[in-house]
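Single-structure report; data block below.
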Amino acid sequence: ALVVQLMGFASILGFYLGIDPPRIVRAYWRMPEQTRLQEAWRGLVTLAVDRSEIAARIAAPAAELVGARGLLVIDGAGNELASWGTVDSDRVVIEEEGVTFVASTSPYAPFFGQDELRTLHTIAGLTATALDRVRLFEQEHETRLALERANELMTNFVALAAHELRT
């Protein structure tokens with residue numbers, strides 16, 4: 001009878017942990033994905049210079065962190081930047097200024113709770129910031145190239161004018 005009661009208690013505890021695990025248990029389960037996401041962010045801040053590269057680096061860790069089957073990253077203009085896994089009919093759309101995440105639920109996470117939605121909103125906001133940084137970097141690079149071309153034209157003009165004045 002004691003063994004049956006212990007098995008019943010263990011099954012109730014397992015059922016509770018499977019349906020609504022406490023935050024500390026969720027945090028423990030998500031530690032590997034959280035670490036991988038932090039490493040991806042560290043790489044974005046220092047190395048990523050292309051919009052597609054940013055989206056590709058962040059898609060997989062973000063999807064794994066919330067237990068999604070797939071994640072699609074779309075920029076503000078509606079262009080698909082990156083995808084990970086498969087996105088099907090059971091999906092959640094997370095919109096932030098400049099980026100949209102489309103996450104698909106999985107058999108292990110048939111719905112996203114408030115924690116997962118907050119996490120996706122946070123990641124989408126940080127991704128939008130990184131994409132904006134890349135946009136500004138590209139704009140600065142184009143402006144610098146235009147200034148270098150203008151400086152070269154000015155140098156050529158001054159050299160030509162000086163040569164004509166000497167002759």
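- One hydrophobic cluster, built from ILVMFWY side chains closer than 4.5 Å, cannot hold both V87 and L117; they sit in different ones.
- Residues I24 and M31 fall within the same hydrophobic cluster, defined by Ile, Leu, Val, Met, Phe, Trp and Tyr side chains chained together at heavy-atom separations under 4.5 Å.
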Under the side-chain contact (heavy atoms from CB on, under 4.5 Å) criterion, do R91 and T105 qualify, and how do the steps go?
CA-CA 6 Å; R91 58 186 180 185; T105 59; over 6 Å; no

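- At least one donor-acceptor pair under 3.5 Å links the side chain of S106 to the backbone N or O of G67.
- Judged purely by atom type and a 3.5 angstrom limit, E138 has no side-chain atom pairing as donor or acceptor with the backbone of R135.
- Taking hydrophobic clusters as Ile, Leu, Val, Met, Phe, Trp and Tyr residues chained together by side-chain heavy-atom distances below 4.5 Å, L72 does not share a cluster with I94.
- Residues L65 and I123 are in side-chain contact: their nearest non-hydrogen atoms beyond the backbone lie under 4.5 Å apart.
- Scanning all heavy atoms of the two residues, the minimum distance from E96 to H121 falls at OE2-ND1, 3.0 Å.
- In this structure, N79 and I74 have side chains that are not in contact, with every pair of non-hydrogen atoms separated by 4.5 Å or more.
- At a threshold of 4.5 Å between non-hydrogen side-chain atoms, the residues V93 and T100 count as touching.
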Evaluation steps, side-chain contact (heavy atoms from CB on, under 4.5 Å), between D50 and V134:
CA-CA 6 Å; D50 182 46; V134 168; 5.7 Å; no

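- Transitive grouping of hydrophobic side chains (ILVMFWY, heavy atoms separated by less than 4.5 Å) keeps V102 and V66 in distinct clusters.
- Taking all atoms of both residues into account, the shortest heavy-atom contact from A103 to L120 is CB-CD1, 4.1 Å.
- For H141, the NE2 atom sits in a loose shell: 12 or fewer heavy atoms of surrounding residues, nucleotides or ligands are nearer than 6.0 Å.
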Side-chain donor-acceptor pairs of residues 148-163 under 3.5 Å, sequence neighbours excluded:
residue : atom : partner : partner atom : Å
T155    : OG1  : N151    : O            : 2.8
N156    : ND2  : E152    : O            : 3.4

Could you walk me through whether V92 and F101 pass the side-chain contact (heavy atoms from CB on, under 4.5 Å) test, one step at a time?
CA-CA 8 Å; V92 174; F101 280 7; over 6 Å; no

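- In this structure, T127 OG1 and R57 CZ are separated by 12.5 Å, a value rounded to the nearest 0.5 Å.
- A distance of 9.0 Å separates CD1 in I54 from CG in L81, rounded to the nearest 0.5 Å.
- The closest side-chain heavy-atom distance from E80 to V73 is not below 4.5 Å.
- Taking every heavy atom of both residues into account, L71 and A62 meet most closely at CD2-CB, 3.9 Å.
- Shown here for G98 and L131, the closest heavy-atom pair between the two residues is O-CD1, 4.3 Å.
- Heavy atoms from other residues, nucleotides or ligands lying under 6.0 Å from CG of L136 number more than 12.
- Minimum heavy-atom separation, S104 to F112: O-CZ, 3.9 Å.
- Annotation for R69 and W84: closest pair O-CZ3, 3.7 Å, computed over non-hydrogen atoms.
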